[in-house]
Protein chains: 2
Amino acid sequence: MDIGTFSALAEPNRLRIVELLAHGPLTVGEIAERLNLRQPQASKHLRVLLDARLVTVHADANRRNYALQMEPLQEMDAWLNNYRRMWNERFDNLDQYLQELQSKSQQ
Amino acid sequence: MDIGTFSALAEPNRLRIVELLAHGPLTVGEIAERLNLRQPQASKHLRVLLDARLVTVHADANRRNYALQMEPLQEMDAWLNNYRRMWNERFDNLDQYLQELQSKSQQ
DNA sequence: ATGGAATATTCCTGTCAAGGAATATTAAGA
DNA sequence: TCTTAATATTCCTTGACAGGAATATTCCAT
């Protein structure tokens with residue numbers, strides 16, 4: 001698991017940018033406006049997200065369109081696979097417990 | 001999505017602690033030993049993980065047993081749900097593209 | 001109660017990251 | 001070419017955080 005992904009998402013404004021870009025690509029100005037950020041800060045946060053490969057840029061004349069990139073999120077998803085087994089086990093235990101309760105109540 | 005989870009995991013040693021605890025609860029000394037950390041640093045990292053609710057402690061006399069907690073990871077998993085749809089779409093597009101290629105080659 | 005093991009906390013220091021303000025860069029249009 | 005819009009970068013200051021060293025705390029055994 002690449003820690004850069006966690007670091008990038010560990011900042012509130014950057015997480016909001018990611019969630020904003022989930023609905024489609026946006027320019028720096030649009031992002032700054034919707035999140036009430038000043039333009040330089042928006043650019044700087046986007047730079048960090050870019051370095052973390054969470055976004056890509058495409059120049060369109062004056063504007064730069066930033067788009068969300070799925071790979072780091074997929075890597076997070078793959079990392080979580082190691083743990084899903086565990087919380088399913090816990091759920092299974094609870095499920096088993098509830099079933100035992102029910103069968104007792106039927107006796 | 002609670003940013004505290006990302007912040008906690010954005011530190012290499014803490015991520016290693018989490019991955020270590022995936023195999024079962026450990027004491028501070030065991031963690032410090034296996035990760036080549038000094039005891040105070042191990043305690044401090046565990047404090048951060050505790051505040052982020054990623055671990056729980058159970059005192060056993062002198063020792064403290066730290067155990068992994070699944071809830072924050074489940075929350076990450078739920079957050080990723082918003083994005084799984086997208087990378088599946090991309091995969092579907094690729095899949096569709098490959099199928100088109102194949103049907104063309106059969107003509 | 002005393003000593004030692006296991007753990008937590010404190011203090012200090014250096015590094016890094018974030019926001020503000022100003023400035024540089026780049027491209028389009030008059 | 002000059003202006004303006006959109007964006008990036010730099011410099012500065014401040015706050016957070018990590019490691020090192022030392023110390024405090026807590027519990028057990030003698």
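Note that the structure is predicted; figures quoted are calculated from it, not measured. Proteins come first, then strands; the chains are lettered A, B, ... in the order of their sequence lines, and each starts at number 1.
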Task: Length of the CG-C1' vector between Leu26(B) and dA6(C), whole Å - done: 15 Å
Task: Ionic contact status for Asp51(A) with Arg47(A), cut-off 4.0 Å - done: yes
Task: Between Asn13(B) and Arg16(B), a side-chain donor and acceptor under 3.5 Å - done: yes
TODO: May I ask you to evaluate whether Tyr66(A) reaches the phosphate of dA8(D), defined as a side-chain N or O under 4.0 Å from OP1 or OP2?
DONE: yes
- [ ] Could you check Arg64(A) against Leu46(B) and say which one's nearest nucleotide on DNA chain C is further toward the 5' end?
- [x] Leu46(B)
Task: Minimum-distance nucleotide to Pro40(A) side chain [options: dA6(C), dA22(D), dT9(D)] - done: dT9(D)
Open item on the list: Suppose we call a contact any N or O donor and acceptor under 3.5 Å apart; does that hold for the side chain of Asn62(B) and the base of dA5(C)?
Closed with: yes
TODO: Considering just the side-chain nitrogens and oxygens of Arg14(B), establish if one lies under 4.0 Å of OP1 or OP2 belonging to dA18(D).
DONE: yes
- [ ] Let me know the distance between CG of Leu49(B) and C1' of dT7(C), rounded to the nearest Å.
- [x] 16 Å
- [ ] Please check the phosphate of dT9(C) (OP1 and OP2 only) for any side-chain N or O of Arg47(B) closer than 4.0 Å.
- [x] yes
Open item on the list: At less than 4.0 Å, is any side-chain N or O atom of Thr27(B) found next to OP1 or OP2 of dA6(C)? Yes or no.
Closed with: no
Task: Trp87(A) side chain to Glu71(B) side chain, donor-acceptor N/O pair below 3.5 angstrom - done: no
Task: Check: dA6(D) base within 3.5 Å donor-acceptor of Gln39(A) side chain - done: no
Open item on the list: Between Arg38(A) and dG20(C), is there a contact of a side-chain N or O with OP1 or OP2 at under 4.0 Å?
Closed with: yes
Task: Rounded distance in Å - CD (Glu11(B)) to C1' (dT15(C)) - done: 13 Å
Task: Pair Arg85(B)-Asn88(B), side-chain donor/acceptor within less than 3.5 Å - done: no
Open item on the list: Please tell me if His45(B) has a side-chain N or O lying less than 4.0 Å from either OP1 or OP2 of dC17(D).
Closed with: no
Task: Atom-pair distance (CZ on Phe6(B); P on dA16(D)), nearest Å - done: 22 Å
